[in-house]
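Here the structure is laid out as structure tokens; the discussion comes afterwards.
Letters go in sequence order (proteins before strands), and every chain restarts at 1. These values consider heavy atoms only, across backbone and side chains, with no hydrogens, waters or symmetry-generated copies.
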Protein chains: 4
Amino acid sequence: MAPHSAPDSSRRSERSRVAILTAARELVTELGYTRLTIEAIAARAGVGKQTIYRWWPSKGAVVFDSILTLSEGPDGEGVELPDTGDLEADLKTVLRATAAEFADPAFEAPIRALNTEIINDPALAETYREKLERPMTEAKKRRLRSAKRAGQLAADADLDLVLDLLYAPLTQRWLLRSGPLDEAFADALVEATLRAFGR
Amino acid sequence: MAPHSAPDSSRRSERSRVAILTAARELVTELGYTRLTIEAIAARAGVGKQTIYRWWPSKGAVVFDSILTLSEGPDGEGVELPDTGDLEADLKTVLRATAAEFADPAFEAPIRALNTEIINDPALAETYREKLERPMTEAKKRRLRSAKRAGQLAADADLDLVLDLLYAPLTQRWLLRSGPLDEAFADALVEATLRAFGR
Amino acid sequence: MAPHSAPDSSRRSERSRVAILTAARELVTELGYTRLTIEAIAARAGVGKQTIYRWWPSKGAVVFDSILTLSEGPDGEGVELPDTGDLEADLKTVLRATAAEFADPAFEAPIRALNTEIINDPALAETYREKLERPMTEAKKRRLRSAKRAGQLAADADLDLVLDLLYAPLTQRWLLRSGPLDEAFADALVEATLRAFGR
Amino acid sequence: MAPHSAPDSSRRSERSRVAILTAARELVTELGYTRLTIEAIAARAGVGKQTIYRWWPSKGAVVFDSILTLSEGPDGEGVELPDTGDLEADLKTVLRATAAEFADPAFEAPIRALNTEIINDPALAETYREKLERPMTEAKKRRLRSAKRAGQLAADADLDLVLDLLYAPLTQRWLLRSGPLDEAFADALVEATLRAFGR
DNA sequence: GCATAACCGAGACGGTACGTCCAGTCTTTCT
DNA sequence: AGAAAGACTGGACGTACCGTCTCGGTTATGC
């Protein structure tokens, strides 16, 4: 079990912890991050404000934790990308799925909230990379290494750079709403990246 | 001259307008966007709060305008990228410069503030693209079209996609602090992109 | 007009001032002083809490002011005791009236509140003596001096002491509920005091 | 021994009881009654809050009990006033001593606290009269009856009234800080009272 | 050339939320 | 079972800002 989902202390009320995280997730979806308040979370969760302040240092930290619980199945570590043997097809599948996820209104508000916080809070950014991004990044790199072995990716390709080329434009367009986020765009990203690093 | 820098009315006090924008720029650097308040801007500018509310709809709009004045020379439209005839060299120059700008503490706080607002405010995002991004994008595209003519870039290359590949990873790394932002990274981005779209 | 009933500033909202004082008076009667809260006063008065904190330093000060307005007719200074020429009869009238006032539930809660505050706050006690007690004391002394001139009171009687003997036992019994507060007691106080200082 | 000073149960920790009462007495002196909190008492006494709530119904009750222990010698009933045969001299001695006690800073805070509570809590007032006041009152009355027998006090004097005249002005002046509390005042009270009830 | 209306600085106003403190209750662990 | 410890819900505290609203005091035309 991931450590953040366990009580920090044996005295801690699991009931309250879950109620707070649930309320935060709901409210950030309903109101957006800026209009979300600690008082509203406490009220919705049926909890004293002090219980929130006792266990989280800031609104951002609560929301962050509430998002962590979203993306966490029974086995938080077992993320794996499809590997059909065809790198281009697999990447297109994955990027199309990511683009679709960005369009899902249930994810939109929390993820924008998360990014808002991360931009302005280096400490939270560090936690984010550790807890959320790294497992995903590792899974992606495993797929890319498999592609290298299969001769579908240049052996000397910098995997971090490859992932940046694939994902940064997608995230950027979504965050700044600077262009369409359709499957054509996802495909074009994959194709361009593989032109740069393929073989 | 851009309309936002001109008085909206002949009655408007230019002295106050400048004082407010200056105070906003200073305070966002000192405090960060979140801790910045309209009251503090008014106090620092020696201005009544109403004068701010009269001319700007939100804190974000003030900060946005204050950043506009930053990036505006005597002629806001005349941005031009270097064109030595060597696309790769020119792009590396420009991307290295962009990376350096991101590291400048005088730019850091306001630009983070700007991005925070843009993520959460679609209307502001639209204005941002119109006023700040488009002129830059146009200049970049002019340079890329020149490269196409010179046979240094594929004739059918999607210029928006090329620019995304070049700039999104840079911006992303800076915003999320997810990796080093050095000249090697800038160069690698240019090289990869040209491998994908070169010839 | 007494100074405390005028706005401290030309900007001050008379409507709010009166609403706050009225709400305080009502609430102290309904809830008692201890259970009275600034938040409740603000809510009942339809006023922001800050408006209370802007003009009064403490809950005690608000309640005190609200009581001042109680005991203030169109002419705050013109208190006068009856003077029929018969000191004993007049004092009995006045002390009986005082005892009756203590029994009036509309006065009970505020006056207990006032005493609670005065006991623990020397600054408030000073204001109390200045604003509420002194006018009353002066009126009482005027009556006693008239009695001296009429030969009904020893010429060398210490008027402060006489007033203490008359009033302190009454107030004490009421505050501490240490005995009956009836007309017989009031009469006995007057008789004893006149035996000590009469002629 | 008075019941409040004995454990209410054989299980009760005498160590905790004493620690709580001591902490309460110290804290009321240091902070005054209003700023005194149950939490602070528990912390200073090294005791769980529950232990206080288990044995006392309110903050006032704890403070009251802590004051009882102050005024309680090995034999709580054995108070006796001096009886030299000279009533006036004896009363002056006692009233001067009372005035001096009021001036003692170690007594000041607790006794003000006690009065604050008594004014607002009829139940506590009853207990107060029973436990603290009555023994003192009885002792005083014994001395006055002795004076009656000696022909120094009118045989039909209402002893409660006599005591009110002697003590209420003293207590009043101290509580409301309405005048000097010196020996001259104590003497004048005795003299006036004996003029009213003497012979 | 003088009124008059928009703008200005100032700051009080009704509110909302903050982050803290404490009340009084409940639960866990130890003795 | 009582006690120390301390987390819990709840509610008030006093503060900071929000965005709105007067209040006088300049301007700066436009009648």
Side-chain angles (χ1 to χ4, degrees), chain A residues 7-17 19 35-43 45-55 57-59, chain B residues 7-17 19 35-43 45-59, chain C residues 7-17 19 35-43 45-55 57-59, chain D residues 7 9-13 15-17 19-20 35-43 45-55 57-59:
Chain A
D8 299 354
S9 149
S10 60
R11 311 277 259 187
R12 182 167 185 182
S13 161
E14 180 65 7
R15 159 190 294 273
S16 295
R17 208 194 107 255
R35 273 171 302 171
L36 174 69
T37 65
I38 298 269
E39 296 217 316
I41 297 174
V47 137
K49 281 199 290 177
Q50 198 58 52
T51 302
I52 299 181
Y53 286 110
R54 186 153 34 226
W55 301 109
S58 66
K59 182 175 80 165
Chain B
D8 296 355
S9 149
S10 56
R11 305 284 237 176
R12 182 167 184 182
S13 160
E14 180 64 9
R15 160 190 290 273
S16 295
R17 208 195 108 256
R35 274 174 301 173
L36 174 69
T37 65
I38 298 271
E39 296 218 317
I41 296 174
V47 135
K49 283 200 290 177
Q50 198 56 249
T51 302
I52 299 181
Y53 285 110
R54 187 153 31 227
W55 302 109
W56 288 273
S58 67
K59 182 175 82 164
Chain C
D8 298 354
S9 149
S10 60
R11 312 276 262 182
R12 184 167 184 182
S13 160
E14 180 65 8
R15 159 189 292 273
S16 295
R17 208 194 107 257
R35 272 174 301 172
L36 174 67
T37 65
I38 298 271
E39 295 217 317
I41 297 174
V47 137
K49 280 200 288 179
Q50 199 56 53
T51 301
I52 299 181
Y53 286 111
R54 187 152 33 227
W55 302 109
S58 66
K59 183 174 82 165
Chain D
S9 150
S10 58
R11 304 286 233 171
R12 181 168 186 182
S13 159
R15 160 191 291 273
S16 295
R17 209 195 106 257
I20 288 164
R35 274 174 301 172
L36 174 69
T37 65
I38 297 272
E39 297 218 317
I41 296 173
V47 136
K49 283 200 291 176
Q50 199 55 250
T51 303
I52 298 181
Y53 285 111
R54 191 154 26 231
W55 301 109
S58 67
K59 182 174 83 164

Atom-pair distance (CD on D:Glu39; P on F:dA7), nearest Å: 11 Å

CZ/A:Arg54: more than 12 non-hydrogen atoms of other groups inside 6.0 Å: yes

Integer-rounded Å distance: E:dT28 C1' and A:Glu14 CD: 16 Å

Approximate separation, where rounding is to 0.5 Å, of D:Ile41 CD1 and D:Ile20 CD1: 8.5 Å

Minimum heavy-atom distance between B:Ala42 and B:Gly48, given as atom pair plus value: CB-C, 4.3 Å

Distance below 4.0 Å between B:Trp56 side-chain N/O and F:dG19 OP1 or OP2: no

Rounded distance (Å) that lies between atom P of F:dC23 and atom CZ of C:Arg15: 13 Å

C:Trp55 vs E:dA12: side-chain N/O to OP1/OP2 distance below 4.0 Å: no

Along DNA chain E (nearest heavy atom to each residue), the more 5'-positioned of A:Ile38 and C:Ser16: C:Ser16

A:Ala45 or B:Arg35, whichever maps to the more 5' nucleotide of DNA chain F: A:Ala45

Cationic tip of B:Arg17 above B:Trp55 ring, under 6.0 Å, 45° of axis: no

Distance below 4.0 Å between C:Thr51 side-chain N/O and E:dG14 OP1 or OP2: yes

Of D:Gln50 and B:Gly48, the one whose closest DNA chain E nucleotide lies more 5': B:Gly48

Atom-pair distance (CD1 on A:Ile52; P on F:dA7), nearest Å: 16 Å

Presence of donor-acceptor pair under 3.5 Å, side chain of D:Lys49 and base of E:dG24: yes

Distance in Å, B:Lys49 NZ paired with B:Ile38 CD1, rounded so as to fall on 0.5 Å steps: 9.0 Å

Side chain of C:Arg11 - closest among E:dG11, F:dC13, E:dA23: E:dG11

Any C:Arg54 side-chain nitrogen or oxygen under 4.0 Å from OP1 or OP2 of E:dC13: yes

Candidates F:dC18, E:dC8, E:dT20 - which lies nearest the side chain of A:Tyr53: E:dT20

